[in-house]
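Below is one structure; the comments refer to it alone.
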Amino acid sequence: MADCEPNAHRFMDLTVPEYAYMFGFLQADGHLAKGTGQKGRLTVEINARDIDLLHKFQKLTPYYSSINERTRSTNFAETHNSATWSLCSLEARTLLNNLGLPYGRKSKTISPPHGDFARLDYLRGVFDADGSVGYTSKGLPFISLTTASTAIGAYLCFYAGKVTGMERSLKRNRRDGIYNILYWTEAAQALSAHLYYPGCLALERKQAAADSLSAWIRPADMKVAPVRRRWTAHEDRVLLRLNNDAAAAKELGRTEKSCYIRLWRLRTGQTPMPTER
């Protein structure tokens, strides 16, 4: 990370990579609470092994803040060492709230900032808080994000699609209503290298994990899954006009099966009808 002094830029200027990253992390893993009157507090609690990140947040913040460590028992471990960064300034909290960090529960309501912001740095902050990067049990590189926010999930799919060429559709997990968005193999390599560039502000362990993905080489006997071709409104109109799987497949350069399935989805309302030209 560049040595960014707190007063070198306006606090939370999201066009500055460090602040964009910090805001993404705060949206995903921070908690903004209101107290009586003008009292309140922003807190971020993370594993004590990542305390260096909180010190960097403290350095980037031109308001008084504190960092405390504690040890407690959890459902997952007998002892858990955590570190908490706390910021009470009303001015700072008001600014963060106006940028899109809600008070109270926020997992479903957060969304990417409006206006200009350092997009890849913002997304890296979200990934560092709520994402994973590394290798699967089968040794395949992956990068994934777990989020309850439709806006965050949709933005990631849009952004990552441009970086990797891979399309992802949003679908909530039936068990808990959470989106689990996953990229693997070459797509994971491309996205992780893009997000975790040299010298960026990031959790050191995730930066190291992202860097390790570049070493993976696809085995010679491992097939490459074909890139899914997206249907266009023009193709939908042709399909509906012909109303014939074989004829549409020939004209559109698609398989008869794909034309049959697409036509069925259009006729049953599972896919919206194309707009008129």
Inset, instruction - Let me see the working for Arg218 and Trp216 under side chain to side chain contact (heavy atoms under 4.5 Å, CB included), right down to the final yes or no. - result: CA-CA 7 Å; Arg218 178 181 288 271; Trp216 182 80; 3.5 Å; yes
Rounded distance [0.5 Å steps], [atom1] in [X] versus [atom2] in [Y]:
| X | Y | atom1 | atom2 | result |
| --- | --- | --- | --- | --- |
| Leu53 | Leu201 | CG | CG | 6.0 Å |
| Leu99 | His114 | CG | NE2 | 10.5 Å |
| Glu186 | Leu191 | CD | CG | 13.5 Å |
| Thr43 | Asn68 | OG1 | CG | 11.5 Å |
| Gln270 | Ile261 | CD | CD1 | 11.0 Å |
| Thr15 | Asp13 | OG1 | CG | 3.5 Å |

Legend entry - Residues Phe57, Phe25; criterion ring pair (Phe, Tyr, Trp, His ring centres under 6.0 Å); working and verdict: CA-CA 10 Å; Phe57 284 178; Phe25 195 99; 5.6 Å; yes
Legend entry - side chain to side chain contact (heavy atoms under 4.5 Å, CB included) partners of Arg262, counting only residues at least two apart: Trp231, Asp236, Leu239, Leu266, Thr271
Looking at every heavy atom in both [X] and [Y], which two are closest together, and how far apart are they?
| X | Y | value |
| --- | --- | --- |
| Gln58 | Ile67 | OE1-CD1, 3.6 Å |
| Asn173 | Arg175 | OD1-N, 2.7 Å |
| Gln207 | Cys200 | OE1-SG, 3.1 Å |
| Pro102 | Thr109 | CG-OG1, 3.8 Å |
| Ile178 | Ala148 | CD1-CB, 3.6 Å |
| Ala92 | Phe11 | CB-CE2, 4.0 Å |

Backbone N/O of [Y] and side chain of [X]: donor-acceptor pair under 3.5 Å:
| X | Y | answer |
| --- | --- | --- |
| Glu69 | Asn81 | no |
| Lys171 | Asn180 | no |
| Ser149 | Ile110 | yes |
| Arg124 | Leu195 | yes |
| Asn97 | Arg93 | no |
| Arg49 | Ser82 | no |
| Asp128 | Leu203 | yes |
| Gln189 | Leu213 | yes |

Legend entry - Sequence neighbours excluded - side-chain hydrogen bond (donor to acceptor under 3.5 Å, both in side chains) pairs with any residue from residues 131-140: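 side-chain hydrogen bond (donor to acceptor under 3.5 Å, both in side chains) check on residues 131-140 returns no pairs.
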Inset, instruction - Would you list the pairs meeting side-chain hydrogen bond (donor to acceptor under 3.5 Å, both in side chains) in which at least one residue belongs to residues 26-38, sequence neighbours left out? - result: Gln27-Tyr122
Inset, instruction - List the steps, then state whether side chain to side chain contact (heavy atoms under 4.5 Å, CB included) holds for Asp50 with Arg205. - result: CA-CA 8 Å; Asp50 298 320; Arg205 58 186 173 85; 3.0 Å; yes
Should [X] and [Y] be counted in the same cluster of Ile, Leu, Val, Met, Phe, Trp and Tyr side chains packed under 4.5 Å apart?
| X | Y | answer |
| --- | --- | --- |
| Leu182 | Leu123 | no |
| Tyr260 | Leu240 | no |
| Trp184 | Ile143 | no |
| Leu90 | Met12 | no |
| Trp264 | Met273 | no |

N/O donor to acceptor pairs below 3.5 angstrom from side-chain atoms of residues 151-163, sequence neighbours left out:
unit_1	atom_1	unit_2	atom_2	d
Tyr155	OH	Arg119	NE	3.2
Tyr159	OH	His194	NE2	2.7

Legend entry - Check ion pair Lys250-Glu256 (N to O, under 4.0 angstrom):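 No, no charged N to carboxylate O under 4.0 Å.
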Inset, instruction - With sequence neighbours left out, write down each residue that passes salt bridge (charged side-chain N to carboxylate O under 4.0 Å, His left out) with Arg254, or none if nothing qualifies. - result: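 Salt bridge (charged side-chain N to carboxylate O under 4.0 Å, His left out) check on Arg254 returns Glu235.
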Legend entry - Residues which pass salt bridge (charged side-chain N to carboxylate O under 4.0 Å, His left out) with Arg241, listed by chain and number, not counting sequence neighbours: Glu251
Legend entry - Within 6.0 angstrom of Tyr64 OH, more than 12 heavy atoms from elsewhere: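 Result for OH/Tyr64: open.
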Legend entry - Atom CG of Asn98 with >12 non-hydrogen neighbours under 6.0 angstrom: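 More than 12 within 6.0 Å, yes.
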Would you mind reporting whether [Y] and [X] have side-chain heavy atoms less than 4.5 Å apart?
| X | Y | result |
| --- | --- | --- |
| Trp85 | Ser65 | yes |
| Glu18 | Asp121 | no |
| Tyr19 | Met22 | yes |
| Leu170 | Thr150 | yes |
| Phe117 | Pro112 | yes |
| Thr185 | Phe142 | no |
| Leu101 | Leu42 | yes |
| Asn243 | Arg267 | yes |

Inset, instruction - Report the C-alpha separation of Tyr63 and Leu87 in whole Å, then their side-chain angles, then the decisive distance to 0.1 Å, and conclude whether the side chain to side chain contact (heavy atoms under 4.5 Å, CB included) test is met. - result: CA-CA 8 Å; Tyr63 303 93; Leu87 173 66; 3.8 Å; yes
Legend entry - Any side-chain donor near an acceptor of the partner, Thr146 and Asp130, under 3.5 Å: no
Inset, instruction - Would you sort out whether Arg174 and Arg172 count as a side chain to side chain contact (heavy atoms under 4.5 Å, CB included), showing the intermediate values? - result: CA-CA 6 Å; Arg174 288 185 178 180; Arg172 290 190 186 273; over 6 Å; no
